[in-house]
Number of protein chains: 2
Amino acid sequence: MQTKEQLLESKDIRVTAMRLLIYKFLAQKQVAVTLSDIENAFEKADRTTLYRTVKTFEEKAIVHQIDDGTGITKYALCEKGCNCEIETDLHLHFHCNNCNETVCLTEHKIPQIKVPNGFISEDINLVVKGICDKCSGQ
Amino acid sequence: MQTKEQLLESKDIRVTAMRLLIYKFLAQKQVAVTLSDIENAFEKADRTTLYRTVKTFEEKAIVHQIDDGTGITKYALCEKGCNCEIETDLHLHFHCNNCNETVCLTEHKIPQIKVPNGFISEDINLVVKGICDKCSGQ
DNA sequence: CAATAAATGCACTTCCATTGCACCTATTTT
DNA sequence: AAAATAGGTGCAATGGAAGTGCATTTATTG
Ligand SMILES: [Mn+2]
Ligand SMILES: [Mn+2]
Ligand SMILES: [Zn+2]
Ligand SMILES: [Zn+2]
């Protein structure tokens, strides 16, 4: 088992106090977060630093971006061994219309989607909107 | 066969010169358009008018909004008899990474998507990204 | 024709994303 | 260890898209 520091280093990300904090924040979250969420959690830090940290995480593929249709970009840590880039490894996202939270359904891979002749599929974004398990009370 | 004027009236949309022009513009387009696209097509008209016209069209369900992940909202006319609101009638959208255009694949309905217990699906957005038929040269 | 309602235009605002540049901090080189 | 370099952080400013309040114009109704 590697420490969080080791994980960052293994991904070629220099470890700084800030980065470690942000990483831990993301790791502890069960839902996708916006930049504002991170801002609120780290009021002492500058917006830009948070922005660029998440960008770096994204480039180094330890975080993936989520467009859930709210117009605000959200982020979530990749699962270990996740291959976000590979089309066959894409999971779907669920956005709750009630609590407004978005979660990764990493167990739910996106099914094979047929496209018409001549079209070449490279990437798929599938977002289901509705009521989440916490809000449905079931 | 009804005229475009009659179609608008049947949907409870007052016919104005501007609305008719915008409707015709959308009808003639084979791809989803942004507000900027409409702006460029009607430079004499005010942005707000175009914005509110499209909003009206959307409310009256002759246009549907498309979030293709580019961060810019796009719009396209609904097919006749289309029921965008009904989950079973949702079609998928294709965004070309090459020409940057987005098209409705109205023939390609979104398949049934399983969500975990407790989650209730109300709406689905499915966008496939890749190379379109025009760009793939096939 | 007067009264009313709806559509349009202008100006302004908000919100998120992004960048340039200066400064600080860590790492590497001499 | 000191100097040089690269990378990280903070501040300020920008840009784009979306949305709103209000005045004016245009259409509808009685
Ligand atoms: Mn995810
Ligand atoms: Mn469509
Ligand atoms: Zn919820
Ligand atoms: Zn194309």
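Just so you know, these numbers use all the heavy atoms, side chains as well, and skip hydrogens, waters and symmetry mates. Just so it is clear: chains get the letters A, B, ... in the order the sequence lines come, proteins before strands, and each one is counted from 1.
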Check: Given B:Cys96 and B:Thr102, is the side chain to side chain contact (heavy atoms under 4.5 Å, CB included) satisfied, shown in steps?
Finding: CA-CA 6 Å; B:Cys96 178; B:Thr102 297; over 6 Å; no
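The phosphate of C:dT18 has OP1 or OP2 within less than 4.0 Å of a side-chain N or O from A:Lys55. Distances shorter than 4.0 Å separate none of the side-chain N or O atoms of A:Tyr51 from OP1 or OP2 on C:dA17.
Within the structure, the salt bridge (charged side-chain N to carboxylate O under 4.0 Å, His left out) test picks out the following pairs touching residues 92-108 of chain A (sequence neighbours left out): A:Glu101-A:Lys134. Residue pairs meeting the salt bridge (charged side-chain N to carboxylate O under 4.0 Å, His left out) criterion with at least one partner in residues 8-34 of chain B, sequence neighbours excluded, are B:Asp12-B:Lys60. Listed by first and then second residue, the side chain to side chain donor-acceptor pair (under 3.5 Å) pairs that reach into residues 31-48 of chain B are B:Thr34-B:Asp37, B:Asp46-B:Thr48, sequence neighbours excluded.
Taking B:Asn98 as the reference, nothing meets the side chain to side chain donor-acceptor pair (under 3.5 Å) condition, with sequence neighbours excluded. Qualifying side chain to side chain contact (heavy atoms under 4.5 Å, CB included) partners for A:Asp133, counting only residues two or more places apart in sequence or in other chains: B:Phe119. Remark: B:His64 engages B:His91, B:His93 in a side chain to side chain donor-acceptor pair (under 3.5 Å) (not counting sequence neighbours).
Put simply, chain B comes within 4.0 Å of DNA chain D, heavy atom to any atom, from D:dA17 to D:dT28, going 5' to 3'.
Other residues sharing the hydrophobic cluster of B:Ile72, ordered by chain and number and joined by side-chain separations under 4.5 Å: none, the residue standing alone. Under a 4.5 Å side-chain heavy-atom cut-off, the cluster of Ile, Leu, Val, Met, Phe, Trp and Tyr residues that includes A:Leu8 is completed by A:Leu7, A:Ile13, A:Val15, A:Met18, A:Leu20, A:Leu21, A:Ile22, A:Tyr23, A:Phe25, A:Leu26, A:Val33, A:Leu35, A:Ile38, A:Phe42, A:Leu50, A:Tyr51, A:Val54, A:Phe57, A:Ile62, A:Val63, A:Tyr75, A:Leu77.
Summary of helix geometry: the two end axes of the helix from C:dC1-D:dG30 to C:dT30-D:dA1, each defined by five base pairs via their C1' atoms, are inclined to each other by 20° (rounded to 10°).
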Check: How would nucleotides 7-12 of chain C be written as a contact map, 5' to 3', with B for base contact, S for sugar-phosphate-only contact and - for no contact, using protein heavy atoms under 4.0 Å?
Finding: SBBBB-
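A:Val115 is listed as a side-chain neighbour of B:Phe94, based on a closest heavy-atom distance under 4.5 Å.
For the pair B:Asn125 (side chain) and B:Asp67 (backbone), a donor-acceptor distance under 3.5 Å is present.
For the residue pair A:Asn100 and A:His95, a side-chain donor N or O sits within less than 3.5 Å of a side-chain acceptor on the partner.
Annotation: proximity of residues 66-76 of chain B to DNA chain D (heavy atom, distance under 4.0 Å) is found for B:Ile72, B:Thr73, numbered in ascending order.
In plain terms, the two heavy atoms of B:Lys114 and A:Leu92 that are nearest each other are O-CD2, 4.2 Å.
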